[in-house]
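Taking it in order: structure first as structure tokens, then the write-up.
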Amino acid sequence: LNSFRVDDTDGARMGLCFVCGAALSATAGWFGMQVATDANCRTTAAAADNGPGKNPLDAALRVAFKGGSVMGFTVVGLGLFGVCALFCLMTLGRDSDPNDDMMINAEVLRYQRAASNMSAFGFGASSIALFARVAGGIFTKAADVGADLVGKVEADLPEDDPRNPATIADNVGDNVGDVAGMGADLFESFVGSIIATITLADGDLALIALPIWVSAVGILGSIVGYNFVYTEANATQKQLLHALHKGIYAATFVVVAGSAVLCWLLFQDRVSDGYRYFG
């Protein structure tokens, strides 16, 4: 019961967490849309540059992957920064009740209450993800159906034909729903899983730190895997997929190895628990 006891500042703390979660989620989606719009044009230019000594396929793959990586790193960077910064803020000014009959360590109680406040951060991120996903999805489907009805049915034009101006609205809707909506959705899932794990830690500092550090190692692994994504000229579909798989394999190796080291460092006083958590 102690871990759910509230004080006079809980309303303000949860309001701050909610606003920050919504703001960071919207920021991630906005950056993703900006980068995706620029990357679309640059990928087209890279694919068309097939002069002597050029590898347009690899160049286009690298530009497109760079655009996607900006979105990914923005989501996890803002998410991890927001969780760490706000969790530290939520632990400030928290002391145990001197009249409390249940003698709970003040530090543990402070972490429990901070984790309870952090649920509002995930809820703020979820609210933006909901609006971005639903609004973007409705917009792009309405534009897509309208473009197809006018272009394919009435004007006998192929799908996404540049002569059909309605395809512009369709592409704008794709950017909103598939980029901003997806980015906000991933942001909510990323921070939500960390906050849930912190809450389940029940005030144990090592268990609170574990999901944060594992997420940080995952970002480092993604940076390593990013450099493994490339392909040869005239590559087949299978070779293109293998280029992406190389990045996944490299990132996975870094995350698994890094997680093993983290479990050893954080649980040196209870090694069996460290092995269990790593498993």
Side-chain angles (χ1 to χ4, degrees), residues 6-40 66-94 110-140 172-201 208-220 222-223:
V6 298
D7 58 33
D8 294 338
T9 66
D10 268 316
R13 290 172 185 269
M14 298 191 79
L16 175 64
C17 289
F18 180 90
V19 171
C20 289
L24 291 176
S25 179
T27 301
W30 184 83
F31 270 112
M33 277 199 299
Q34 292 294 316
V35 172
T37 303
D38 292 339
N40 289 340
K66 283 180 180 178
S69 67
V70 170
M71 180 74 214
F73 287 127
T74 300
V75 166
V76 295
L78 290 177
L80 198 58
F81 169 77
V83 169
C84 292
L86 282 171
F87 186 79
C88 291
L89 284 175
M90 293 304 107
T91 60
L92 299 179
R94 281 273 168 77
R110 188 160 59 243
Y111 292 148
Q112 289 174 340
R113 287 177 168 174
S116 178
N117 294 148
M118 287 298 295
S119 62
F121 183 86
F123 186 55
S126 297
S127 65
I128 295 298
L130 172 67
F131 286 115
R133 275 300 236 180
V134 173
I138 292 174
F139 185 95
T140 189
V172 171
D174 285 337
N175 262 354
V176 176
D178 297 341
V179 181
M182 180 69 74
D185 199 14
L186 290 174
F187 181 93
E188 181 270 333
S189 300
F190 181 72
V191 301
S193 59
I194 298 176
I195 293 169
T197 313
I198 290 175
T199 304
L200 292 174
I208 290 173
L210 182 61
I212 295 174
W213 278 104
V214 169
S215 301
V217 170
I219 296 176
L220 294 177
S222 298
I223 294 174

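This structure is a prediction, so every number in the text was calculated from the model and none was measured.
Between the side chain of Ser189 and the main chain of Asp185, a donor-acceptor pair closer than 3.5 Å is present. In this structure a side-chain-to-backbone donor-acceptor pair under 3.5 Å is present from Ser127 to Gly124.
Summarising the geometry of Thr91 relative to Arg110, their closest heavy-atom pair is O-CD, 2.6 Å, with the distance given to 0.1 Å. Here the shortest heavy-atom pairing between Met90 and Ala114 reads CB-CB, 3.7 Å. Heavy atoms only, all atoms of each residue included: Ala115 and Ile198 are closest at CB-CG2, 3.9 Å. Nearest heavy atom pair, residue Ala125 against residue Ser25, reads O-OG, 3.6 Å. The two residues Asn117 and Met14 come nearest to each other via the heavy atoms ND2-CG, 3.5 Å. Taking each heavy atom of Leu80 and Phe190 in turn, the nearest pair found is N-CE2, 3.9 Å.
Taken from OG in Ser126 to CG in Leu130, the straight-line distance is 8.5 Å, to the nearest 0.5 Å. Rounding to the nearest 0.5 Å places OG of Ser119 at 11.0 Å from CZ of Phe18. Atom OG1 in Thr74 sits 11.5 Å away from atom CG in Leu24 (nearest 0.5 Å). Atom CZ of Phe81 sits about 8.0 Å away from atom CG of Leu86, to the nearest 0.5 Å. Note that NZ of Lys66 is 14.0 Å distant from CG of Asp38, once rounded to the nearest 0.5 Å. Summarising the geometry, atom CD belonging to Gln112 is positioned 8.5 Å from atom CD1 belonging to Ile208; distances are rounded to the nearest 0.5 Å.
Considering only heavy atoms from C-beta on, Phe187 stays 4.5 Å or farther from Ile128 through its side chain. Between Met71 and Val179, the closest side-chain pair of non-hydrogen atoms falls below 4.5 Å.
For Ser215, there are no side chain to side chain donor-acceptor pair (under 3.5 Å) partners at least two apart in sequence or on another chain. For Thr37, the side chain to side chain donor-acceptor pair (under 3.5 Å) partners are Asn175, not counting sequence neighbours.
The local environment of CZ in Phe31 is sparse, with at most 12 non-hydrogen atoms from other residues, nucleotides or ligands closer than 6.0 Å. Under a cut-off of 6.0 angstrom, the local environment of CZ in Phe73 is crowded, with over 12 non-hydrogen atoms contributed by other residues, nucleotides or ligands.
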